[in-house]
Amino acid sequence: MNRCIPLCLTATAWLCIAATVNAHYLWISVDRNPDDQSGTNIYFEEAPKPGDGSYLDHFLGKSDVWVRTIDRPAPDAVQAEEIKQGDNRWMRVALPTSDEYSVDAYGKFGVYQYGQTKVLLHYYARNLAVRSHDAMHELGRADQMKLDLVPHDVGSRYEFTLLWQGKPVADRMVFVRGSKGFRKNIKTDANGQIELERPSSGTLTLRSSVEDPTSGEEDGEAYELVRHNITLVMPTTASADSP
């Protein structure tokens, strides 16, 4: 079994609580600094930092978190625990010591009403840290997740493929953010792909979604639409090698 050390896995899911508040998502970030609150911390807040955890009960004991490494590429489920510090509240899991990994998470929020439409919300999040083409190939796809953003390195460029249940999704917007104010919104092509120049450093964050017009009932509450949201965080300080 891999030895684990405290790291910071931060997942932040934001919800549109009122018309004036933007939609929010699940995010994962990793902090290896031993001098602060490093650990595998999962937040559900309006910003990627500790908060009062008002909506954390939607995920406590219900979320799935997996850690994958080159040595152990199969999904290794990790149990999250509740953490409280003063008025703040979040969840925490552990991460193996490997420098190359994929941390993947899934959680179902439940039914939320947007205007007149009740939507069943699902959140998926990933943090992928790799240093080589082979590592990206090995860890890039999270097979255990129904919704995925899969990266490929092609020379000086990245390709990302949006997959729903293993099949490419065309004509969906992917919102990309990076260092130095980089912002780009790109629709997936017929193959479910977008392309980006690979930055030499910094972190890329991407998010997208798919919708299913299926109606149903969740915990006794009716809904008219199902929405699946995904984010991918990729530290790019160490560029992947070309094949």
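Between Thr203 and Met234 the shortest side-chain heavy-atom distance does not fall below 4.5 Å. By the 4.5 Å heavy-atom criterion applied to side chains, Met173 and Ile186 are not counted as neighbours. Using a 4.5 Å heavy-atom threshold, the side chains of Leu206 and Ile230 count as separate. Val210 places a side-chain heavy atom less than 4.5 Å from the side chain of Leu147.
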*Evaluate the criterion side chain to side chain contact (heavy atoms under 4.5 Å, CB included) for residue pair Leu225 and Val119; output intermediate values, then yes/no.*
CA-CA 5 Å; Leu225 180 71; Val119 183; 4.1 Å; yes
*Verdict with reasoning, Trp66 to Met145, per side chain to side chain contact (heavy atoms under 4.5 Å, CB included)*: CA-CA 10 Å; Trp66 303 273; Met145 301 217 300; 4.0 Å; yes
*Can you list the steps and then say if Ser208 with Arg172 is a side chain to side chain contact (heavy atoms under 4.5 Å, CB included)?*
CA-CA 7 Å; Ser208 191; Arg172 294 300 297 179; 4.2 Å; yes
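As a member of the Ile/Leu/Val/Met/Phe/Trp/Tyr network built from side-chain separations under 4.5 Å, Val150 groups with Leu163. Cluster partners of Val111 are Leu120, Tyr223, Val226, counting Ile, Leu, Val, Met, Phe, Trp and Tyr whose side-chain heavy atoms approach within less than 4.5 Å, directly or via other members.
Summarising the local packing, CG of Asn185 is surrounded by more than 12 heavy atoms from other residues, nucleotides or ligands at distances under 6.0 Å. Surrounding CD of Gln79 are at most 12 heavy atoms belonging to other residues, nucleotides or ligands under 6.0 Å away.
Arg198 contributes a side-chain N or O that, together with a main-chain N or O of Gly155, makes up a donor-acceptor pair within less than 3.5 Å. Asp189 places a side-chain N or O within donor-acceptor distance of the main-chain N or O of Asn191, the cut-off being under 3.5 Å. Between the side chain of Glu100 and the backbone N or O of Ala135, no donor-acceptor pair lies under 3.5 Å. Checking side-chain atoms of Thr188 against main-chain N and O of Gln193 turns up no donor-acceptor pair under 3.5 Å. When atom types are taken as modelled, the side chain of Thr161 and the backbone of Gly192 share no donor-acceptor pair closer than 3.5 angstrom. Of the possible donor and acceptor atoms, none in the side chain of Thr69 sits under 3.5 Å from a partner among the backbone N and O of Ser98. The main-chain N or O of Gly115 is found under 3.5 Å from a side-chain atom of Gln113 such that the two form a donor-acceptor pair.
Between the CG atom in Leu232 and the CG atom in Asn127 there is a gap of 8.0 Å [rounded to 0.5 Å]. Atom CD of Glu138 is separated from atom CG of Asp71 by 10.0 Å, given to the nearest 0.5 angstrom. Note that CG of Leu204 is 11.0 Å distant from CG of Leu128, once rounded to the nearest 0.5 Å. Taking CG from Leu26 and NE2 from His122, the interatomic distance works out to 13.5 Å, rounded to the nearest 0.5 Å. The line from NE2 of His137 to CG of Leu139 is 10.5 Å long, rounded to the nearest 0.5 Å. Annotation: the span from Glu224 atom CD to Gln116 atom CD amounts to 9.0 Å, rounded to 0.5 Å.
Here Asp57 pairs with Arg89 in a salt bridge; the nearest charged N to carboxylate O distance falls below 4.0 Å. Between Asp76 and Arg68 there is no salt bridge, since none of the side-chain N atoms of the basic residue sits less than 4.0 Å from a carboxylate O of the acidic one. A salt bridge links Asp148 to Arg126: at least one charged side-chain nitrogen sits closer than 4.0 Å to a carboxylate oxygen.
Closest of all the heavy-atom pairs between Pro151 and Gly140 is CD-O, 3.6 Å. Of all non-hydrogen atoms in Lys184 and Leu196, the two that sit nearest each other are CD-CD2, 4.1 Å.
Between the side chains of Ser132 and Asp134, no donor-acceptor pair is found at a separation under 3.5 Å.
In this view, Asp143 and Arg141 satisfy the side-chain contact (heavy atoms from CB on, under 4.5 Å) rule, not counting sequence neighbours. Taking Lys167 as the reference, nothing meets the side-chain contact (heavy atoms from CB on, under 4.5 Å) condition, with sequence neighbours excluded. Listed by chain and number, the residues in a side-chain contact (heavy atoms from CB on, under 4.5 Å) with Glu195 are Arg157, Glu159 (sequence neighbours excluded).
With Arg207 as the partner, the side-chain contact (heavy atoms from CB on, under 4.5 Å) test is satisfied by one option alone out of Asn229, Leu149, Thr231: Thr231.
Ring geometry for Phe109 versus Phe59: interplanar angle of 30 to 60°, hence tilted.
Residue pairs meeting the ring-ring contact (aromatic ring centres under 6.0 Å, His included) criterion with at least one member in residues 159-199, sequence neighbours excluded, are Tyr158-Phe160, Trp164-His228.
For the pair Arg227 and Tyr114, the cation-pi criterion (under 6.0 Å, within 45° of the ring axis) is fulfilled.
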